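Computed from a predicted model, the values in this text were never measured in an experiment. Naming: A, B, ... by sequence-line order, numbering from 1 per chain.
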Amino acid sequence: MIELQFRALLEIRVSRRRVVLKRTFYRRDPRVVAVDLLNKVLVNADGRSGRIVETEAYCGAFDEAAHSWRGMTPRNAVMFDQPGLLYVYFTYGMHWCCNPVCGEPGEGVAVLLRALAPLTGLDAMRAARPACRSDRDLCRGPARLCQAMGIGKLQNGIDLISGNGGYSIIDDGMSPPAEPVAAARVGITRAVEQLWRWYVPGDPYVSRR
DNA sequence: TGCGGGATTATCT
DNA sequence: GATAATCCCGCAA
C-alpha cells in the first residue's frame, strides 16, 4: 500500500518533469533553451548522470555554423524532427556529440551539450573512458560527455521527454545560473562572432574559459 | 599548465 | 577530395 502510494507520487513527479521539459523544448528559441538547460541533469537509466554546465545553440537556417543551415540531409534529419528528441552526430572520424532538439518541427534548431559535472555512476563513466586520467575530464567536452554517458549512433533520435530511449533530462529543482556567461562557440569556422555558447560561471567542469 | 600535432572516417561538394 | 560543433599524448617550461 505504502509502496503503491510512493509509486503514484513518483509518477506524478515524473510526469510533472515531463511537462516542464516539454515546455523547455517546444516552440522555443535554441538560445533560450541553451540557457534553460544549464543546471538541469542528463540521466542515463543505468545510473549515470551529470549536471549540464555548458551548452551551445545552433539556430538553423539563419546560422551558418549549424548542420541544418543548408537544409535537411540524412545525417541531420533528426534536427528537423520533434523537439525533445536527441540529435547525435559523428565527427572528426571518431567522436560523437549530442544535441537536444528544440523549437518547431521543421526548424532544424538544437542545443549542443558541451560539458557535464558528473553526479552519479562515476565508475561506469570511468570504465567508458579508459584513456581519461582525471575525473574532472570525464564529461568536460561534447565528445567526452557522450563517451562517458554511453551516447552514440544508437541514441540518435531517442526521445528525452518520454525517456523511452534510456535517457532523459531532469529538472531537479536547481535553477539556471542568475548570470550565465555568454561566449563564442568552439570549433566552428563560420558565424564565429555569435556569442551562442553559455556556461555556469566558475564551474570547474566547463570545457573552455 | 599549456601548446602543437596526429588520429581517423562519415558526410557533403 | 576536403573538411569536420574533438580528444589525447608528448614535450617544454
Side-chain angles (χ1 to χ4, degrees), chain A residues 25 29-35 37-38 42 50 52-81 83 85-103 107-118 125-158 160 167 169 180-200 202-209:
Chain A
F25 294 121
D29 188 308
R31 294 166 291 188
V32 176
V33 176
V35 174
L37 285 177
L38 294 177
L42 177 65
I52 299 166
V53 296
E54 182 182 0
T55 57
E56 280 178 5
Y58 285 90
C59 300
F62 68 94
D63 178 6
E64 291 195 25
H67 288 169
S68 49
W69 177 54
R70 295 174 196 270
M72 186 157 46
T73 66
R75 177 209 206 189
N76 65 23
V78 171
M79 260 186 110
F80 292 87
D81 207 321
L85 301 191
L86 190 66
Y87 166 49
V88 181
Y89 68 88
F90 184 69
T91 190
Y92 289 102
M94 58 190 105
H95 298 303
W96 297 93
C97 298
C98 70
N99 311 241
V101 175
C102 57
E107 258 191 307
V109 299
V111 174
L112 174 68
L113 303 184
R114 282 200 58 89
L116 307 178
M125 291 187 189
R126 294 184 194 109
R129 285 183 39 68
C132 182
R133 290 276 170 199
S134 151
D135 283 357
R136 183 171 176 248
D137 292 337
L138 276 176
C139 301
R140 195 165 66 92
R144 289 169 173 173
L145 79 85
C146 282
Q147 199 180 5
M149 292 291 288
I151 293 171
K153 176 168 54 178
L154 295 177
Q155 280 67 41
N156 189 33
I158 64 170
L160 296 168
Y167 292 81
I169 292 178
V181 181
R185 294 178 290 182
V186 176
I188 55 170
T189 55
R190 291 186 290 255
V192 291
E193 71 283 359
Q194 304 292 356
L195 303 183
W196 289 346
R197 177 166 70 106
W198 286 272
Y199 59 85
V200 177
D203 192 286
Y205 297 98
V206 170
S207 73
R208 297 202 199 179
R209 306 282 209 83

Salt-bridge present (A/R31, A/D63; N to O < 4.0 Å): no
Interatomic distance, A/M94 CE vs C/dC7 P [rounded to whole Å]: 11 Å
Closest listed nucleotide, where the reference is the side chain of A/H67 and the choices are C/dC9, B/dT9, C/dA5: C/dA5
Side-chain touch A/I188/A/Y58, heavy atoms, less than 4.5 angstrom: yes
Nearest-Å distance for atom pair OH/P, residues A/Y89 and C/dT3: 18 Å
Distance in angstrom units between A/W69 CH2 and C/dA4 P, rounded: 12 Å
Toward the 5' end of DNA chain C, by each residue's nearest nucleotide, A/V186 or A/R133: A/V186
A/Q147 CD to B/dT8 P, straight-line distance once rounded to whole Å: 14 Å
A/F90 and A/W96 aromatic ring geometry - parallel, tilted or perpendicular at 30°/60° bounds: tilted
A/Y87 OH to B/dA10 C1', straight-line distance once rounded to whole Å: 11 Å
Short side-chain N/O contact to C/dA5 OP1/OP2 from A/R190, under 4.0 Å: no
Gap between atoms CZ and P, on A/R114 and C/dC7 respectively (whole Å): 7 Å
C/dA5 base stacked by A/Y58 (centroids within less than 5.5 Å, tilt under 30°): yes
Nucleotide of C/dC8, C/dA4, B/dT13 approaching A/T189 most closely (side-chain heavy atoms): C/dA4
A/P100 side chain near A/L113 side chain, heavy-atom distance below 4.5 Å: yes
Nearest-nucleotide pick for A/F90, side chain only, options being C/dA4, B/dA10, C/dC8: B/dA10
Counter-base of B/dT11, judged by Watson-Crick or G-U geometry with both distances under 3.5 Å: C/dA2
Touch class at under 4.0 angstrom, heavy-atom based, for A/N99 against every strand present: base
A/H95 side-chain N/O to C/dA4 phosphate OP1/OP2 under 4.0 Å: no
Sugar-phosphate only, base, or nothing, as touched by A/I188 at under 4.0 Å among non-hydrogen atoms: sugar-phosphate
Sugar-phosphate, base or nothing in reach of A/A65, heavy atoms under 4.0 Å: base
Between C/dA5 (P) and A/L145 (CG): distance, integer Å: 16 Å
Touch class at under 4.0 angstrom, heavy-atom based, for A/R185 against every strand present: nothing
Out of C/dC8, C/dT6, B/dC12, whichever nucleotide has its closest atom nearest the side chain of A/A131: C/dC8
Identified side-chain hydrogen bond (donor to acceptor under 3.5 Å, both in side chains) partner of A/E54 from the options A/R114, A/R208, A/R140: A/R114
Below 4.0 Å: OP1/OP2 of C/dT6 and any side-chain N or O of A/T91: no
Trace of the side chain to side chain contact (heavy atoms under 4.5 Å, CB included) decision for A/Y89 with A/R75: CA-CA 7 Å; A/Y89 68 88; A/R75 177 209 206 189; 3.8 Å; yes
C/dC8 OP1/OP2 closer than 4.0 Å to side-chain N/O of A/R144: yes
Listed nucleotide nearest any side-chain atom of A/R129, set B/dC12, C/dC7, C/dA4: C/dC7
Nearest-Å distance for atom pair OH/P, residues A/Y92 and B/dG6: 16 Å
